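Throughout, protein chains are lettered first and strands after them, A, B, ... in sequence-line order, and every chain is numbered starting at 1. Note that the structure is predicted; figures quoted are calculated from it, not measured.
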Number of protein chains: 2
Amino acid sequence: MVRPREFDEQQALSAAMQVFWEKGYEATSISDLTTRMGIQRPSLYAAFGGKKELFETVLHKYTQISLTYIENLLSRAPSAREAVRIYLQGIIEGGGGRQTNLGCLCINTMVELAPHDQSFAHLTKDYQLRITELLRQTIEDGIRKGELASGLNAVAIARALTVSAVGLAVTMKSAPEHAYVENAVTELLTLLV
Amino acid sequence: MVRPREFDEQQALSAAMQVFWEKGYEATSISDLTTRMGIQRPSLYAAFGGKKELFETVLHKYTQISLTYIENLLSRAPSAREAVRIYLQGIIEGGGGRQTNLGCLCINTMVELAPHDQSFAHLTKDYQLRITELLRQTIEDGIRKGELASGLNAVAIARALTVSAVGLAVTMKSAPEHAYVENAVTELLTLLV
DNA sequence: ATGGTTACATACCGATGAGTACAGAAAGTT
DNA sequence: AACTTTCTGTACTCATCGGTATGTAACCAT
């Protein structure tokens with residue numbers, strides 16, 4: 001009813017996302033966050049609860065954005081194979097607000113926090129399953145349209161590609177040779193033949 | 001010349017490896033280390049330099065052990081395809097001292113530290129390249145022996161499989177369904193057909 | 001304009017972080 | 001047995017951690 005927030009919550013969340021993305025959860029301090037979010041300490045606690053709660057909110061926002069982005073990417077592609085190629089290529093080149101060598105926030109979280117926190121294990125696993133589901137639909141559409149061989153096991157391929165996409169996102173963090181990852185992607189696409 | 005160390009350095013390093021493996025670099029404190037290594041704070045600094053130096057030593061030891069283990073695994077398998085299958089299966093089941101849901105220390109490091117530290121980026125990338133090289137040799141041996149089709153692109157397949165192996169190790173950290181990863185591995189093995 | 005409420009900003013809290021000084025204990029050498 | 005050297009263990013430093021108390025400024029309804 002009185003005195004509205006002076007900062008935009010979504011904008012602050014985006015800033016927090018950037019910081020967690022760059023530094024990881026443990027290495028990010030509250031001071032890092034308040035500086036980049038442009039707000040004061042007590043405001044952070046009042047608006048977002050605390051470091052862990054803020055991170056959960058940030059991660060949730062990230063998965064929403066990321067999955068929507070991937071869904072659009074896949075559905076707008078001219079063919080099933082192109083869809084998968086564009087998706088994997090995007091991981092290499094960092095499309096959709098990604099910075100290549102920072103990988104995927106959700107995958108980073110899977111590595112850092114999933115083994116120690118059940119809720120993060122569940123959240124990150126769920127993210128991965130949703131990607132698999134999107135890929136499965138893309139592949140099945142391709143089969144239905146006659147672009148892909150009817151004998152393909154859409155579920156198995158979607159799972160293999162998801163695992164590979166995770167590996168690709170992680171590999172990017174070590175700044176690999178361009179030819180290395182391009183080559184891997186090309187080979188992975190033969191799963192669709 | 002006088003008073004030898006009261007602790008075994010290699011044993012202490014193994015203990016430190018365990019801790020870093022479980023908690024990651026940032027989340028591990030010196031107290032965590034000294035407790036599990038069974039030594040006192042100043043002994044740690046005297047013997048290993050400091051947290052970062054200790055971690056570098058630990059990571060070096062880890063890559064040595066891991067690569068030797070993988071090399072043996074691949075070379076002892078009855079066939080090229082079996083070799084790759086056993087390797088990927090090992091990631092799922094946690095062979096060779098691995099604990100499944102902790103993933104691979106070197107891959108964890110790639111995620112946590114590679115983007116912020118050039119030396120770790122190099123070290124982890126090198127680890128990955130060595131695995132690729134081992135896989136390439138295995139595949140080429142298979143082709144030479146007639147187990148695998150002569151038209152296969154050994155380099156590309158080795159790269160794709162390495163990326164997938166990385167993804168698999170990461171995926172394991174979120175405690176996925178057994179069928180999910182088994183399925184993915186089976187599908188990935190079709191790259192060798 | 002004013003009262004009641006909420007956000008902001010400074011300054012602080014205890015706990016813990018990495019790293020070290022220093023004294024006492026143990027070993028090899030003579 | 002005494003001396004020198006190195007390791008061990010306690011206790012400390014200073015910085016920073018996550019989180020909070022408190023006073024002040026800003027807003028809205030009346």
Side-chain angles (χ1 to χ4, degrees), chain A residues 1-61 105 108-109 112-113 116-120, chain B residues 1-60 105 108-109 112-113 116-117 119-120:
Chain A
M1 359 172 146
V2 294
R3 191 172 182 187
R5 291 245 156 77
E6 288 186 4
F7 61 92
D8 181 277
E9 290 201 17
Q10 291 307 312
Q11 207 168 329
L13 277 180
S14 295
M17 189 187 295
Q18 271 298 320
V19 184
F20 281 127
W21 205 343
E22 288 168 15
K23 310 189 68 166
Y25 178 77
E26 288 289 347
T28 298
S29 72
I30 301 287
S31 298
D32 291 332
L33 289 166
T34 54
T35 301
R36 293 276 291 274
M37 296 166 83
I39 66 177
Q40 299 296 331
R41 254 171 138 69
S43 299
L44 188 153
Y45 284 92
F48 305 107
K51 188 183 179 186
K52 190 180 174 184
E53 290 83 354
L54 172 60
F55 184 70
E56 283 167 351
T57 306
V58 160
L59 190 58
H60 184 256
K61 180 184 166 94
L105 177 59
N108 296 351
T109 304
E112 186 180 1
L113 301 178
H116 311 294
D117 190 307
Q118 194 116 29
S119 75
F120 284 122
Chain B
M1 359 169 143
V2 294
R3 192 172 181 187
R5 291 249 156 75
E6 288 186 3
F7 60 92
D8 182 277
E9 291 201 19
Q10 290 307 313
Q11 206 167 330
L13 277 179
S14 295
M17 189 186 295
Q18 273 297 321
V19 184
F20 282 126
W21 206 342
E22 288 168 15
K23 312 190 68 167
Y25 178 76
E26 288 288 348
T28 298
S29 72
I30 301 288
S31 298
D32 291 332
L33 289 165
T34 53
T35 301
R36 293 276 292 274
M37 295 167 84
I39 66 176
Q40 299 296 331
R41 256 172 138 69
S43 299
L44 188 154
Y45 284 93
F48 304 107
K51 189 184 177 185
K52 189 179 174 185
E53 290 82 353
L54 171 59
F55 184 70
E56 282 168 352
T57 307
V58 159
L59 190 58
H60 185 256
L105 177 60
N108 297 349
T109 303
E112 187 181 0
L113 302 178
H116 312 293
D117 190 308
S119 75
F120 284 122

Legend entry - A/Tyr25 six-ring centre to A/Lys52 NZ/CZ under 6.0 Å and within 45° of normal: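 No, A/Lys52 does not sit over the ring of A/Tyr25.
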Measure [atom1]/[X] against [atom2]/[N] and give the value in whole Å, please.
X       : N      : atom1 : atom2 : value
A/Ile30 : C/dG14 : CD1   : P     : 19 Å
A/Glu26 : C/dT16 : CD    : P     : 14 Å
B/Leu44 : C/dG17 : CG    : P     : 14 Å
B/Lys23 : C/dG17 : NZ    : C1'   : 13 Å
A/Phe20 : D/dG18 : CZ    : C1'   : 12 Å
A/Leu33 : D/dT16 : CG    : C1'   : 15 Å
A/Leu54 : D/dG19 : CG    : C1'   : 14 Å
B/Tyr45 : C/dT20 : OH    : C1'   : 9 Å

Are [X] and [Y] side-chain neighbours, meaning at least one heavy-atom pair lies under 4.5 Å?
X       : Y       : result
A/Phe55 : A/Thr28 : no
A/Trp21 : A/Val58 : no
A/Leu54 : A/Met37 : yes

Inset, instruction - For A/Thr28, answer base if it contacts any base atom (sugar-phosphate contacts may also be present), sugar-phosphate if it contacts only those atoms, and nothing otherwise; contact means non-hydrogen atoms under 4.0 Å. - result: sugar-phosphate
Legend entry - Along DNA chain D (nearest heavy atom to each residue), the more 5'-positioned of B/Ala46 and A/Tyr25: B/Ala46
Inset, instruction - Kindly check if the number of other-residue, nucleotide or ligand heavy atoms within 6.0 Å of CD (B/Glu9) is above 12? - result: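 Check passes, neighbour count above 12.
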Counting only pairs under 3.5 Å, give me each side-chain donor-acceptor contact of residues 41-50 of chain A, with atom names and distances, residues two or more places apart or in other chains.
from: A/Arg41; atom 1: NH1; to: A/Ser31; atom 2: OG; distance (Å): 3.3

Legend entry - salt bridge (Lys or Arg N to Asp or Glu O under 4.0 Å) partners of A/Asp8, counting only residues at least two apart: none
Legend entry - Protein-to-nucleotide contact annotation, 5' to 3' order, nucleotides 9-14 of chain D [B base; S sugar-phosphate only; - none; under 4.0 Å, heavy atom]: BBB---
Legend entry - A/Lys51, nearest nucleotide to its side chain (from D/dG19, C/dC8, C/dA18): D/dG19
